[in-house]
Amino acid sequence: MRKIFIAITMAGLLFACQKKEKTLMTASKEKKDTAVAKSPIHRMPKPVADAATIMARKEVPILCYHQIRDWTAADSKSSKEIIVPVELFKAQLKILADSGYHTILPDQLYDYLTTGAPLPPKPFMLTYDDTDDDQYNIAWPEMKKYGFKGVYFIMTVSLNRPKYMTREQVKQLSDEGNMIASHTWDHHMFTQYKTPLDWETQVEKPKKKIEEITGKPADYFAYPYGIWNKEGIPELKKRGIKAAFQLSTKRDPDEPLYTIRRMIASGNWTAPGMYKSMIQTFHLNQ
Ligand SMILES: [Zn+2]
């Protein structure tokens, strides 16, 4: 499972200055509450944008990480795509922070895409796939230095196994402000789910399991290997998934919320190289 992502490359990033983000969100909530109290008109939910409107909004860069550890002699060049050495990872976060980027979380992205809700300046998202324990031991302490928060797409089968995160670690990440989201039960290919049991095993049960652990909704999903098909999207919707993340293929113009793009931050790139790739991949202006 750890070596699977080899064929995919891309780049995307996000950060967040935690303090600013919190201030902004609090201010926004207070404003909304006041508006609701004053005018019944504001009780009407904002209309959700149609697919064309969502497609037309500027994309937020999203970076995808897997393992964060120093290379060994056994690591192939292709596997290094998804193994980012510790110092390189630190340098990648630093260049994002130094460049003024702020992390956002999926609820913010969803609100932005569906209602045009404002985001902090230079928003980006940090995502981690596959439940590796270095995402807790190494990534999280480093993220905290910059006030960054991230999204952890976990496979529920791997919890408490050696080299993977424990339930307690996942709960702590959630309690400390990160988002825990679903990456299926066992990383079985999404395009191969055919029976009701497949959907129950790979989508319904993992969602419930995460919600039991964190006490919070688990409404977001990342496709194993980033591979999706249009036929499966209604099945995600039926099961309460609000948005789904792929890797670097084109978004579906009819289903942009279920084909959100991410970029693998490769271990084969320098930090400036990763930054440049993110700018290019997401058509950013700096
Ligand atoms: Zn994965």
Side-chain angles (χ1 to χ4, degrees), residues 1 4-12 14 47-64 66 81-82 105-116 125 127-130 151-157 179-211 217-264 281-283:
M1 245 159 252
I4 318 174
F5 271 78
I6 294 164
I8 312 155
T9 49
M10 277 294 185
L14 315 160
V48 172
D50 61 19
T53 304
I54 291 171
M55 284 295 286
R57 295 200 202 284
K58 195 174 171 192
E59 272 184 286
V60 171
I62 306 180
L63 293 182
C64 175
H66 295 82
E81 289 286 312
I82 60 159
L105 289 170
D107 284 338
Q108 288 170 282
L109 181 65
Y110 182 87
D111 289 347
Y112 160 72
L113 291 172
T114 58
T115 71
M125 197 181 293
T127 69
Y128 300 91
D129 288 10
D130 294 1
V151 189
Y152 291 80
F153 287 108
I154 66 168
M155 300 174 291
T156 46
V157 71
M179 166 71 74
I180 310 301
S182 174
H183 196 41
T184 75
W185 177 60
D186 69 349
H187 217 274
H188 200 82
M189 183 86 82
F190 181 82
T191 51
Q192 294 174 357
Y193 308 163
K194 302 296 176 199
T195 68
L197 183 61
D198 291 336
W199 293 105
E200 184 185 349
T201 304
Q202 300 295 345
V203 179
E204 288 174 33
K205 284 187 173 175
K207 182 180 192 299
K208 277 185 200 149
K209 174 64 73 184
I210 293 167
E211 290 172 345
D219 297 337
Y220 301 98
F221 180 87
Y223 300 102
Y225 316 99
I227 297 172
W228 56 277
N229 61 352
K230 199 158 185 165
E231 297 70 30
I233 292 174
E235 301 295 333
L236 290 179
K237 290 180 182 176
K238 268 192 250 171
R239 289 163 177 86
I241 300 294
K242 288 168 67 176
F245 295 75
Q246 53 146 334
L247 284 168
S248 58
T249 59
K250 274 191 179 174
R251 292 180 292 169
D252 185 315
D254 300 324
E255 297 288 2
L257 288 176
Y258 290 83
T259 51
I260 296 172
R261 293 198 310 147
R262 301 186 293 162
M263 176 190 100
I264 287 182
T281 300
F282 292 96
H283 313 295

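Environment of NZ in Lys209: sparse, with no more than 12 heavy atoms of neighbouring residues, nucleotides or ligands closer than 6.0 Å.
Contact check for Val203 versus Ser182: no side-chain heavy atoms found under the 4.5 Å cut-off. When side chains are defined from C-beta on, Thr184 does not count as touching Thr201, because their heavy atoms never get closer than 4.5 Å. Side-chain contact between Ile260 and Ile62: present, with at least one pair of heavy atoms (C-beta onward) separated by less than 4.5 Å. Residues Gln108 and Val60 have side chains not in contact (no heavy-atom distance under 4.5 Å, counting atoms from C-beta outward). Using a 4.5 Å heavy-atom threshold, the side chains of Ile241 and Asp219 count as separate. Taking 4.5 Å as the limit, some side-chain heavy atom of Tyr193 sits within range of a side-chain heavy atom of His188.
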Test side-chain hydrogen bond (donor to acceptor under 3.5 Å, both in side chains) on Tyr220 and Asp107 and set out the steps. CA-CA 9 Å; Tyr220 301 98; Asp107 284 338; 2.6 Å; yes

Residue pair Phe282, Arg261: steps toward the side-chain contact (heavy atoms from CB on, under 4.5 Å) verdict: CA-CA 9 Å; Phe282 292 96; Arg261 293 198 310 147; 4.0 Å; yes

Given side-chain contact (heavy atoms from CB on, under 4.5 Å), test Tyr258 with Asp252 step by step and report yes or no. CA-CA 8 Å; Tyr258 290 83; Asp252 185 315; over 6 Å; no

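The aromatic rings of Phe153 and His183 are tilted relative to each other, their planes meeting at an angle between 30° and 60°.
Applying the side-chain contact (heavy atoms from CB on, under 4.5 Å) test to Glu204 and every residue at least two apart in sequence or in another chain returns Glu200, Arg239. The side-chain contact (heavy atoms from CB on, under 4.5 Å) search around Met189 returns Thr191, Gln192, Tyr225, Ile227, not counting sequence neighbours. Among residues two or more places apart in sequence or in another chain, the side-chain contact (heavy atoms from CB on, under 4.5 Å) test is passed with Pro253 by Met55.
A donor-acceptor pair shorter than 3.5 Å cannot be found between the side chains of Ser248 and Arg262.
Here the rule is side chain to side chain contact (heavy atoms under 4.5 Å, CB included) with Trp199, and of Lys238, Lys194, Lys205, Glu235 only Glu235 fits it.
Residue Asp186 comes nearest to Met155 through the heavy atom pair C-SD, 4.5 Å, listed as atom of the first residue, atom of the second, then distance. In this structure, Ile264 and His66 approach most closely via the heavy-atom pair CD1-CE1, 4.1 Å. Contact between Arg251 and Thr259 at its shortest, heavy atoms only, is CG-O, 3.1 Å. Closest non-hydrogen pair, Leu113 versus Ile54, comes out as O-CG1, 3.2 Å. In terms of heavy-atom proximity, Lys207 sits nearest to Gly240 at CE-O, 3.7 Å.
In this structure, the side chain of Gln202 engages the main chain of Trp185 through a donor-acceptor pair within 3.5 Å. Judged purely by atom type and a 3.5 angstrom limit, Thr53 has no side-chain atom pairing as donor or acceptor with the backbone of Ala49. The main-chain N or O of Ala218 is found under 3.5 Å from a side-chain atom of Glu211 such that the two form a donor-acceptor pair.
Taking the six-membered ring for Trp, Tyr223 and Phe245 have ring centres at least 6.0 Å apart. Separation of the Tyr112 and Tyr110 ring centroids does not fall under the 6.0 Å cut-off. A ring-centre distance under 6.0 Å is not found for Phe221 and Trp228.
Atom OG1 of residue Thr195 and atom CG of residue Asp198 lie 3.5 Å apart, to the nearest 0.5 angstrom.
A salt bridge does not link Glu255 with Lys230: every distance from a Lys NZ or Arg NE/NH1/NH2 to an Asp or Glu carboxylate oxygen is 4.0 Å or more.
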